[in-house]
Amino acid sequence: MPARSGAQLSRRVGQKKQRLSEAERSRSLPDVARTPSPEEPCSGPHTCLGPPATTGPQRSIYFLSPKDHPARLGSEFFDQPGVRLARALLGQVLVRRLADNTELRGRIVETEAYLGPEDEAAHSRGGRQTARNRGMFMKPGTLYVFIIYGMYFCLNVSSQGDGACVLLRALEPLGGLETMQRLRSTLGKGASGRALKDRELCNGPSKLCQALAIDKSFDQRDLATDGAVWMECGPPGPKPAVVAAARVGVSRAGEWAQKPLRFYVRGSPFVSVVDRTAEQMQA
DNA sequence: AGCGAGATTATCT
DNA sequence: GATAATCTCGCTC
């Protein structure tokens, strides 16, 4: 089939080239990068607080200057069973600090729980443990980043339970939107680099990784201590309504594909896939 | 708004 | 050699 449109052929050329340049090797920086505040689980009306934190001095986050970072979520927050963590993560803020100190922030609005060996949709199904999915078996708060379809990344947080974790599927961008725009736009290549709407920046598991420059080098990092990525308690406010729906892209997993293990903030325009039927049932 | 196709490769069998 | 927790684009309705 030689006679295709010449214009079409040349358009696609040079579309590859990863965005790894921005995803520099900023591993856990030893000293300064130790990031803000100590472990101080947020104590707002939200559900940030898992078990009561009895460790360390009780200092209120309100004593920190407003310009300062609110409480960083510590290990105890992540130490919850999968479903509970998946729900508790909604509303929390994922923060990514780039090598140039730019901070990118997004409020989590959609998650999925993967429950471990019995979960036919999980990478750890049947107790499979490989070099790739090791992060799923590490302590709660450990990141599990894997490559999907040979070119995208998905970001998970290990939860309580062997081989269990929570997939982050969508964020509401809060800070560093210009940088996210740049990281997401079809980088410099062909003319197709249109501007994305805010709602298009992080509304998908691989889109949010692209927007926050998160790649395989983040696999197995600890959210509680890493210098380039962490979580903060979301802003206080009324508890948002949560929809429980079937997970996305796991239709092959039999009965486990149907289980309501995906959770998202009802009405949020930043969610990747809305399930009207589930919403109806949970009206 | 929704469908179909193509992209592209680490990981597992 | 087949698969995959996805995304983008182009076309149709």
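Each chain gets a letter, A, B and so on, in the order its sequence line appears, and its residues count up from 1.
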Side-chain N or O of A:Arg184 less than 4.0 angstrom from OP1 or OP2 on C:dC7? no
Residues of residues 274-283 of chain A with a heavy atom under 4.0 Å from any atom of DNA chain B, listed by number, are none
Taking C:dA5, B:dA7, C:dC7 as options, the one with an atom nearest any side-chain atom of A:Ser206 is C:dC7
message = By a 5.5 angstrom centroid cut-off and a 30 degree plane limit, is there stacking between A:Tyr114 and C:dA5?
response = yes
A:Ile214 atom CD1 is separated from C:dA5 atom C1', nearest whole Å, by 16 Å
Sorted by chain and number, sequence neighbours left out, side-chain contact (heavy atoms from CB on, under 4.5 Å) with A:Ala244 holds for A:Arg87, A:Pro260, A:Phe263, A:Gln282
For A:Leu177, the side-chain contact (heavy atoms from CB on, under 4.5 Å) test, sequence neighbours excluded, returns A:Pro173, A:Asp198, A:Leu201
Testing C:dC7, C:dA4, B:dA7 for proximity to the side chain of A:Pro205, the answer is C:dC7
Exactly one candidate in A:Leu261, A:Thr111, A:Val83 meets side-chain contact (heavy atoms from CB on, under 4.5 Å) with A:Val166; the answer is A:Thr111
task = Check for a donor-acceptor pair, side chain of A:Arg199 on one end and backbone N or O of A:Glu172 on the other, with a separation under 3.5 Å.
result = no
In short, salt bridge (charged side-chain N to carboxylate O under 4.0 Å, His left out) pairs touching residues 251-275 of chain A with sequence neighbours left out are A:Glu110-A:Arg262
Whole-Å distance, A:His123 NE2 to C:dT6 P, equals 9 Å
Winner on side-chain proximity to A:Met151, out of C:dC7, B:dT8, C:dT6, is B:dT8
Atom CD of A:Glu110 and atom P of C:dT6 are separated, to the nearest Å, by 10 Å
What one should report as the nearest heavy-atom pair of A:Pro240 and A:Arg107 is CG-NH2, 4.2 Å
*Please confirm whether A:Arg221 makes a cation-pi placement over A:Phe218, using NZ or CZ under 6.0 Å from the six-membered ring centre and within 45° of the ring normal.*
yes
**Q.** Under 3.5 Å side-chain donor-acceptor pair for A:Trp230 and A:Glu232
**A.** yes
Taken to the nearest whole Å, NZ/A:Lys197 to P/C:dT8 is 14 Å
So salt bridge (charged side-chain N to carboxylate O under 4.0 Å, His left out) across residues 142-160 of chain A, not counting sequence neighbours, yields none
CG of A:Leu90 to OG of A:Ser268, rounded to nearest 0.5 Å, is 10.0 Å
Note, DNA chain C 5' to 3' with Watson-Crick or G-U pairs under 3.5 Å encoded as ( ), [ ], | and . gives ||||.|||||||.
A:Leu208 atom CG is separated from C:dA5 atom P, nearest whole Å, by 16 Å
Distances under 3.5 Å only, N/O to N/O: pair up the protein atoms with those of nucleotides 1-3 of chain C.
none

Taken to the nearest whole Å, CG/A:Leu201 to P/C:dC7 is 13 Å
To the nearest angstrom, the CG-C1' distance between A:Leu183 and C:dC7 comes to 16 Å
Sequence neighbours excluded, the answer for salt bridge (charged side-chain N to carboxylate O under 4.0 Å, His left out) partners of A:Arg276 is A:Glu279
List the atom pairs, with distances to 0.1 Å, where a side-chain N or O of residues 153-162 of chain A and a protein N or O form a donor-acceptor pair under 3.5 Å, not counting sequence neighbours.
unit_1	atom_1	unit_2	atom_2	d
A:Asn156	ND2	A:Tyr144	O	3.0
A:Ser158	OG	A:Met138	O	2.9

Listing time: all N or O pairs from protein to nucleotides 10-13 of chain B that are below 3.5 Å?
unit_1	atom_1	unit_2	atom_2	d
B:dC12	OP1	A:Thr130	OG1	2.3

field: A:Thr142 side chain near A:Leu223 side chain, heavy-atom distance below 4.5 Å
entry: no
N/O donor-acceptor pair under 3.5 Å between A:Ser272 side chain and A:Gly204 backbone: no
Contact check, residues 159-173 of chain A vs DNA chain B, heavy-atom distance under 4.0 Å, returns none
Does A:Tyr149 lie flat on the base of C:dT6, that is, centres under 5.5 Å apart and planes under 30° off?
-> yes
Counting N and O atoms only, with roles assigned by atom type, does the side chain of A:Arg96 sit under 3.5 Å from a partner on the main chain of A:Leu104, one being a donor and the other an acceptor? no
In short, salt bridge (charged side-chain N to carboxylate O under 4.0 Å, His left out) pairs touching residues 119-132 of chain A with sequence neighbours left out are A:Asp119-A:Arg247
For this output row, return yes or no: ring centroids of A:His123 and A:Phe146 closer than 6.0 angstrom. yes
note: A:Glu200, atom CD; C:dT6, atom P; distance rounded to Å ~ 18 Å
